[in-house]
Amino acid sequence: MASMKVLGIESSCDETGLALYDTERGLLAHAVHTQVAMHEAYGGVVPELASRDHVRRLIPLLEKVLADAGATRGDIDAIAYTAGPGLAGALLVGASFAESLAVALDVPALPVHHLEGHLLSPLLGSEPPAFPFIALLVSGGHTQLMRVSKVGDYELLGESLDDAAGEAFDKTAKLLGLGYPGGPALAKLAETGVAGRSKLPRPMLNSGDLAFSFSGLKTAVLTAVRKHEMSDAEKADLAAEFQEAVTDVLAAKAVAACRQHRLSSLVVAGGVGANRRLRQKLDGALAKIGGRVYYPEVELCTDNGAMIAFCGAQRLMQQALPDRGDGAFAIRPRWPLDELRAQASS
Amino acid sequence: MRLLAFETATRRLSVALWQDGELIERAEDLPNGGSDRLLPWVQQLLAEAGISLKQIDGIAFGAGPGGFTGLRLSCGVSQGLAYGLDIPVVPVATLEALALAAAEPLVWAVLDARMNEVYAAAYAVAGDAVSELMAPICVPPAVAPAPTFSGGTGVGDGFATYGDGLRARKPDLAQVRADVYPTAAAVARLAAPVFARGAGVPAAEAQPIYVRDKVALTTAERLARGGVR
């Protein structure tokens, strides 16, 4: 097959990402606009404002990506976009634009699962892992362990029963008065504190399965915060203990998944994957079992269009070109990732 | 000149193909949105007219005010088609399309904006020419400013929800037609002269007109109202 250029469009939450990926030359260009500053004053993502911003950003970002790649709109051979899961309004903006652009350019449109994008993002790096591998997806919206046998074949091994790890970081940061988004600020504060001075539980550490639960941890922090007015040093100690608790559980379960499946490659994706303490623990634990941890490039840890373009390209290379169809499309704000396997094998 | 037009600001979704004044249209009541309809309708209209998408000269869409999700559906589809075809876009005020669709000389155009508010504007209509008498606003029906013309027609689903309150604001309304919706055909008729004088905009500049711009409270505002962090 001749090389193909796939446009990737991501708009599932508060980042607008566009990218152009070439099936032979790799990633040609990508651009991301993050709305973090816009949502900061509201203490969290306001879905309506997120949708409005995507509408403003899509074409300017697309023009930048095309210019950076030295390409024109006529060079686009397929358009991959995030169809879910995510905020319905935000997804609809990217989907409407992608599907109609595909009709206008007479190229296929490829709806992509947002988490599949994250899952495969380490494959965009210079030293991609080989299949099969275990993947730990940790972000503000998800905490999941998956077995990845090949592109399109994902088995959910365990996930959070309540809050996502990143959500727990953000909520705990809020309780400690660290603003929004508080996860990175909490991790920074944790570096100045000492874990273990105040004790927090390690939820489900010994549950015997690969499930997680983080809402109780957040409640334990709330109880500690309410007990008495905390000094800055005490807050730092609590932050350190919190980070230690979350990363203990994440690392233990990720290693358990590798052992159970006799796999020595662990892929870590999602925003929390940038946490230094988590990386230390995972790197150490995998080294002990003769394995290795693979992370996406730093700039591809957050939501981005490159991973979506990459997923679309993988699908193009695996399957015959889909028919253009009649242009009907649907977004899937809730979309379990393991449904993809059924789709791929059908 | 050939134009494609979209209007999805209300529950009545429609797409129209305008060819030198000749109009064909697809429309349906779809309260839950129409992402599975719009582009198939486009293909049907093109097939019916025996032309290809590449022969389209411009895209028009009802830019609002109206349901936010619907506005973005039409805007996103318009952006994608216009960018891909490298042709201009004309955003049209949805209430203006509503007035033209009603085909009454004096129109108080009012759409239900939910949350106890309406989008309202007033127009004088003569043939395909619509002149704005009162610009679109978002306001509780109980304090909606009445148009200054005497008599006239109250138009739009705002009258279905808040008919009594709105009539109280303007007791001399000659009639009310709550079942008229803005249509893509009306959008196309309003956009045609704009395209003809070369006043279409690039796809990137095609944006919804929300009118309601305060959609959330900042943390500071919540605290000022006695809320919690």
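None of these values were measured; they are calculated from a predicted model. Chain identifiers are assigned alphabetically (A, B, ...) following the order of the sequence lines, protein sequences preceding nucleic acid strands; residue numbering begins at 1 within each chain. These values consider heavy atoms only, across backbone and side chains, with no hydrogens, waters or symmetry-generated copies.
Between the OG1 atom of B:Thr219 and the CD atom of A:Glu40 there is a distance of 9.5 Å, given to the nearest 0.5 Å. Atom CG in B:Leu4 sits 11.5 Å away from atom OG in A:Ser100 (nearest 0.5 Å). Separation of atoms CG (B:Leu85) and CG (A:Leu105) is listed at 7.5 Å; rounding is to 0.5 Å. Distance check, rounded to the nearest 0.5 Å: SG of B:Cys75 to CZ of A:Arg56 gives 11.0 Å. Distance CG/A:Leu101 to CD/B:Gln79: 10.5 Å, rounded to 0.5 Å.
Per-residue heavy-atom pair counts under 4.5 Å with chain A were compared for B:Leu71, B:Leu81, B:Val42, and the maximum is reached by B:Leu81.
In this structure, the portions of A:Val55 lying under 4.5 Å from any heavy atom of chain B include both its backbone and its side chain. A:Arg57 does not touch chain B: none of its heavy atoms, backbone or side chain, sits under 4.5 Å away.
Remark: B:Thr69 pairs with no residue by the side chain to side chain donor-acceptor pair (under 3.5 Å) rule, at least two apart or across chains.
Sparse packing is recorded around NZ of A:Lys227, with 12 or fewer heavy atoms of other residues, nucleotides or ligands lying under 6.0 Å away. Heavy atoms of other residues, nucleotides or ligands lying less than 6.0 angstrom from CG of A:Asp68 number more than 12.
The shortest distance between side-chain heavy atoms of A:Asp326 and B:Leu39 does not fall below 4.5 Å. By the 4.5 Å heavy-atom criterion applied to side chains, B:Val215 and A:Arg52 are counted as neighbours.
Here the closest non-hydrogen pair linking B:Pro40 and A:Gly327 is CD-C, 3.8 Å. Residues B:Leu73 and A:Ser96 come closest through the heavy atom pair CD1-OG, 3.5 Å.
For B:Arg72 and A:Glu48, the salt-bridge test passes: some basic side-chain N is under 4.0 Å from an acidic carboxylate O.
By a heavy-atom distance cut of under 4.5 Å, B:Ser35, B:Asp36 are the residues of residues 19-36 of chain B near chain A, going up by number. Close approach to chain A, defined as a heavy atom under 4.5 Å from one of its heavy atoms, is seen in B:Ala203, B:Ala204 of residues 184-205 of chain B, taken by number.
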Inset, instruction - For the pair B:Glu221 and A:Tyr42, evaluate side chain to side chain donor-acceptor pair (under 3.5 Å) and give the outcome as yes or no after the intermediate values. - result: CA-CA 9 Å; B:Glu221 286 163 341; A:Tyr42 298 89; over 6 Å; no
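Sorted by first and then second residue, the ring-ring contact (aromatic ring centres under 6.0 Å, His included) pairs involving residues 58-116 of chain A (not counting sequence neighbours) are A:His113-A:Trp335, A:His114-A:His118.
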